[in-house]
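Step one of this worksheet: look at the structure below.
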Amino acid sequence: MAFGKGSHLHLIDGSAFIFRAYHALPPLTRKSDGLPVGAVQGFCNLLWNEISGGTTNKSKPTHIAVIFDASSITFRNEIYDLYKANRPELPEDLRPQFPLTREATRAFNVSCIEMEGFEADDIIATYARLATEAGGSATIVSSDKDLMQLVGPGVDMWDPMKSKTLAEAEVFEKFGVGPDRVVDVQSLAGDSVDNVPGAPGIGLKTAALLINEYGDLDTLLARAEEIKQPKRRQTLIEHAEQIRISRRLVTLSRDVPVEDTLDSLECRTPESEALLDFLAKMEFRTLTRRISEKLGVEAPAIAEPASAAPKAEKAAAPAEIEHPPFDADKYECVRDMNALSVWIARIMDKGFVAVDTETTSLDEMRAELVGISLSVTPGEACYIPLNHVQGADDLFGSANRLDGQIDPEQALAALKPMLEDASILKIGQNIKYDAKIFARRGINVAPFDDTMLMSYAMFSGLHNHGMDELSETYLNHKPIPIKPLLGSGKTARTFDKVGIEDATKYAAEDADITLRLWQSLRPRLHRERVTNVYETLERPLVPVLAQMEMHGIRVDRQTLSRMSSAFAQKMAGLEAEIHDLAGETFNVGSPKQLGEVLFDKLGLQGGKKGKTGAYSTGADILEDLATEHELPGRVLDWRQLSKLKSTYTDALQDHINPETGRVHTSYQQTGANTGRLASTDPNLQNIPIRTEEGRRIREAFVASEGHKLVSLDYSQIELRILAHIADIPALKQAFRDGHDIHAMTASEMFGVPLDQMTPEVRRQAKAINFGVIYGISGFGLARNLRIPRAEAQAFIDTYFERFPGIRDYMDKTIEFAKAHAYVETLFGRRIHTPEINAKGPGAGFARRGAINAPIQGTAADIIRRAMTRIPQAIEGLPAKMLLQVHDELVFEVEESAVDDTIARVKAVMEGAHEPAVEIDVPLIVDAGVGDNWAQAH
DNA sequence: ACCTTCACG
DNA sequence: GACGTACGTGAAGGTG
């Protein structure tokens, strides 16, 4: 039937449908494999109600279509590049459901329309116009306020959730103006959801008032001078351009070059077989029954899960019941392109895949890819060997690539579109590793989930987050150990020497485990209330860290080498002196031998210690002994040089990558319980700075030609957070006034006026300030300050008297920890404190940890937020972020761009807590520039 | 594999 | 009343 007079078109806002279904319904997964399908089910319900007439009182359609958003980039981004820029990321269990809703629409035999470069709203606007022009009418099935501008003669809206028609009266109620002026009001009021700027300070109410007074937006802007209220007048004059841009953003385009004609959208009866097949595939039992009854055909059978265990038992151990047993013999070895194509097709159909890579090294910058494993269904996984070579027994030790493996280039070319496909979720365990392996081969893995990070977000402080541990804890399965395959010590070999059959069992199981972990952990994120932590603090950091690690930092070998020699010489001199003073030669580096020399031979005072019964010879002991004898002082000097040489000047040289000439650390995102990062291989977070000799090692960290190193660090961030969390007015005011916080503390405590402050008094106050952050004790402070314990306790008492809020904070935090067995940062990160209610000495550690974790953890969260925002903020500048050292970020920047980079990064860092959290104290970032790290810091 | 020591925030 | 104590890390070298 041709569309014309009497025809009625229903335009369904598909994306809105999906989101409403997703948020309105509890998370639901397909029984057989855990695929999230809740939103799909809600979508199908709504769609079925639409086409079957349902329980609605609206007019029945003669024509119908579902409109989707094809992409997030549209012509509006050209008008305003921040359009929709602050949209939160899609929930990870919603993303794979998008392609399924398209499939569902087609299964219902309803036209499914989307167009690259246009939002669904514009397509809807266009069809609404076409419908009325053809003499018919249209109903927009949505409750989105952005569509309300379309309401008018022949066009109304229908809110399917509230079963309510939205016509002119409802629009007037919402906006205070009729549909024809909705755009004007929106342009003024802006929209925080879509990031439409509007006019600052003007909301819906004021906007409607102004439009009603002046008639329309153009008149208002032209006559802005006449507005009586000075602030309003100024805002409109100053932001006229921004308001006009906003209008272009909110105005829907009614002439999108749509391809489907109105006629082609005529309502069609669903093909019952195709529809029921789809519903059965989704395992929607109720819906399948309802629809098959209505269509008068028999419902297809849907297999029930293998075990129909009672509910209580199921809740106790869901993983064991719903998952098939592990069976390494069932894993497939993919040896040709045909088999690989089948796997890729399965993945494209599913919308997600667990991925794992096998390589020749744990160092991603040197590792060669050996094989890839994939899994989309528990118990089913494959391994794709790519670079296995003959075993090590080969006569010349030469690597002969084994037959029966796909050409690596060909395999990667086939996998690349899938790995980069925005609708396919890639699941990994520590996926930063695999992402770097792929990135080195030009493949940008996205989007992704990481089971290690999920575990960290939920269980930090409870256990570690390695795959073996997670598998045993949450899947009750001990993975195949890697040790027997790789050997150890002299006989150790790399994974490419492992036989392909053994490799398949091991590697495919890793993908299988990762998939099952994802299915087990992902739904728990919501229940544990840490989805936000995972999605804003953990997942987005992965590509940022990967980039930093791959860039690495330039280290000058010559500088280090010269230092090593100088240290060696000095050490030799000191060693001779020490032997002379001792009257015998011994290994100065052996605490045991040194203890015997000091305490047995020389008879110095200072007894045994430690559970091993050995003499303690730590720096603090030796410093005390130094007043009695010359030898301990020499040993201290020797130790310092020994440390610098072995840990830094020697070791760092070995870490210079021969290909890049740079040092590539590896950041462990789950290394520290508090949310801090840890740096390994090498650790670049503990490069010396406190002594002059050590500090010079930083001269070896240099910028490349034409560049500078730029260092930006938060000033006193933990004390600022303490002042905020514990709510200490005096401390907060001192930070706001930019005062010296330690001097201020000293002045408050000891009554010394600031202008008479001595360095010694200030030093003591500083120690107390830090002590507070660490969960102060009289003993600890006494040892740190080397004062009698009673004196230290008196300091603490005074401190608590002067700042009673601190004591309150400590008490409340410990109380909270005892009640919940965890503590939280300002951003909701949880750090579990399982020992908090224990007896014994463990409880003491747990108490101090509980006091410290929210402070240290909040600081860690803040710099993480900054780091995830920085790549965007410095986009286009010749600047790279290289290192993070807890409260410091180091960049390498072309000289001409140094000032710009500092300005942008500083702004991001100082505002990193916003908009999630308000802090009553300003965050201050200091910057330094130089040719090397010593100058820059 | 564990302990001690010491480098950093 | 005794116990053992600052918080969070990683690397190197000695020892058993």
Side-chain angles (χ1 to χ4, degrees), chain A residues 460-461 586-595 609-622 635-636 638-652 654-655 665-668 670-691 693-695 697-698 713-719 722 767-785 789 792-793 796 823 831 833 839-857 859-860 863 883-888 933 937:
Chain A
S460 185
F586 67 101
N587 184 349
V588 183
S590 161
K592 183 167 177 275
Q593 294 178 37
L594 175 66
K609 248 219 222 157
K611 46 208 156 195
T612 54
Y615 289 116
S616 180
T617 67
D620 46 351
I621 306 273
L622 295 189
V635 173
L636 282 170
W638 181 92
R639 277 199 183 155
Q640 197 203 351
L641 296 175
S642 164
K643 177 81 177 180
L644 295 178
K645 182 170 185 294
S646 66
T647 309
Y648 300 103
T649 56
D650 286 352
L652 274 174
D654 300 334
H655 280 287
T665 185
S666 185
Y667 288 104
Q668 239 183 291
T670 59
N673 287 338
T674 52
R676 274 193 180 180
L677 302 177
S679 160
T680 60
D681 309 299
N683 181 354
L684 295 186
Q685 290 182 323
N686 71 346
I687 303 302
I689 192 167
R690 290 174 186 170
T691 66
E693 254 177 333
R695 186 189 174 88
I697 291 171
R698 296 188 172 219
D713 68 299
Y714 284 107
S715 160
Q716 310 276 22
I717 188 165
E718 292 193 355
L719 279 174
L722 173 71
I768 296 170
N769 275 332
F770 281 108
V772 168
I773 292 176
Y774 298 149
I776 199 161
S777 76
F779 182 94
L781 184 65
R783 204 174 61 167
N784 189 278
L785 284 176
R789 192 171 162 176
Q793 192 56 54
I796 294 170
V823 291
I831 298 102
T833 56
K839 299 198 169 251
F845 285 106
R847 271 213 316 279
R848 292 188 296 273
I851 290 167
N852 175 258
I855 302 168
Q856 186 180 116
I863 197 166
L883 302 178
Q884 189 249 42
V885 193
H886 309 309
D887 63 359
E888 174 189 11
W933 197 3
H937 188 85

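Every value quoted in this text rests on a predicted model; they were computed, and no experiment measured them. Below, chains carry the letters A, B, ... as their sequence lines are ordered, and counting in each starts from 1.
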Interatomic distance where CG belongs to A:D650 and P belongs to B:dA7 [whole Å]: 16 Å
Nearest to the A:I689 side chain among B:dC6, B:dG9, C:dG10, which nucleotide is it? B:dG9
So, for A:G671 and A:A678, which heavy atoms are closest and what is the spacing to 0.1 Å? CA-CB, 4.2 Å
What is the distance from CG of A:L684 to P of C:dT9, rounded to the nearest Å? 18 Å
Protein-nucleotide distance (A:I855, atom CD1; B:dG9, atom P), rounded to Å: 18 Å
Indicate the atoms forming the closest heavy-atom contact of A:A767 with A:L785, along with that distance. CB-CD2, 3.6 Å
For A:R690 and B:dA7, is the shortest distance between a side-chain N/O and OP1 or OP2 below 4.0 Å? no
Determine the minimum heavy-atom distance between A:T833 and A:A850, stating which atoms define it. CG2-CB, 4.2 Å
For a stem of at least 3 consecutive Watson-Crick or G-U pairs with distances under 3.5 Å, i pairing with j, i+1 with j-1 and so on, which stems involve DNA chain C? B:1-9 with C:7-15
Write down the distance between CG (A:L883) and P (B:dG9), rounded to a whole number of angstrom. 13 Å
Name the one of A:I768, A:N769, A:I851 that satisfies side chain to side chain contact (heavy atoms under 4.5 Å, CB included) with A:I776? A:I768
Would you measure the distance from the P atom in C:dA2 across to the matching atom in B:dC6 and give it in whole Å? 31 Å
Length of the line joining A:R695:CZ and B:dC8:C1', which is rounded to integer Å: 13 Å
Closest contact, heavy atoms only, A:A651 versus A:S646: CB-O, 3.4 Å
Run through A:L684, A:T680, A:N683 and flag the one making a side chain to side chain contact (heavy atoms under 4.5 Å, CB included) with A:S666. A:T680
Could you check whether any side-chain heavy atom of A:N784 comes within less than 4.5 Å of a side-chain heavy atom of A:F770, counting everything from C-beta outward? no
Check every strand shown and say whether A:A859 touches a base, only sugar-phosphate, or nothing at a heavy-atom separation below 4.0 Å. nothing
Rounded to whole angstroms, how far apart are OH on A:Y667 and P on C:dG10? 13 Å
Scan nucleotides 11-16 of chain C nucleotide by nucleotide, 5' to 3', and note B when protein non-hydrogen atoms come under 4.0 Å of the base, S if they reach only the sugar-phosphate, - if neither. BSSSSS
Here the distance between atom P of B:dG9 and atom CD of A:Q668, to the nearest Å, is 20 Å
For A:E718, report the nucleic acid contact type (base, sugar-phosphate, nothing); a contact means any heavy atom under 4.0 Å. nothing
Taken to the nearest whole Å, CD1/A:I831 to P/C:dT9 is 11 Å
Cation-pi check, A:R847 to A:F845: give yes when NZ or CZ is under 6.0 Å from the six-membered ring centre and within 45° of the ring axis, no otherwise. no
Backbone of A:I687 reached by a side-chain donor or acceptor of A:R698 within 3.5 Å: yes
Determine, step by step, whether A:H937 and A:E888 satisfy the side-chain contact (heavy atoms from CB on, under 4.5 Å) criterion, reporting the C-alpha distance in whole Å, the side-chain angles of both residues, the deciding distance to 0.1 Å, and the verdict. CA-CA 9 Å; A:H937 188 85; A:E888 174 189 11; 2.9 Å; yes
Would you measure the distance from the P atom in B:dT5 across to the matching atom in C:dA6 and give it in whole Å? 13 Å
Step-by-step side-chain contact (heavy atoms from CB on, under 4.5 Å) determination, A:I863 to A:H886: CA-CA 8 Å; A:I863 197 166; A:H886 309 309; over 6 Å; no
Could you run down nucleotides 1-8 of chain C 5' to 3' and tag each one B, S or - for protein heavy-atom contact under 4.0 Å? ---BBBBB
Any donor-acceptor pair under 3.5 Å linking the side chain of A:N673 with the backbone of A:S460? no
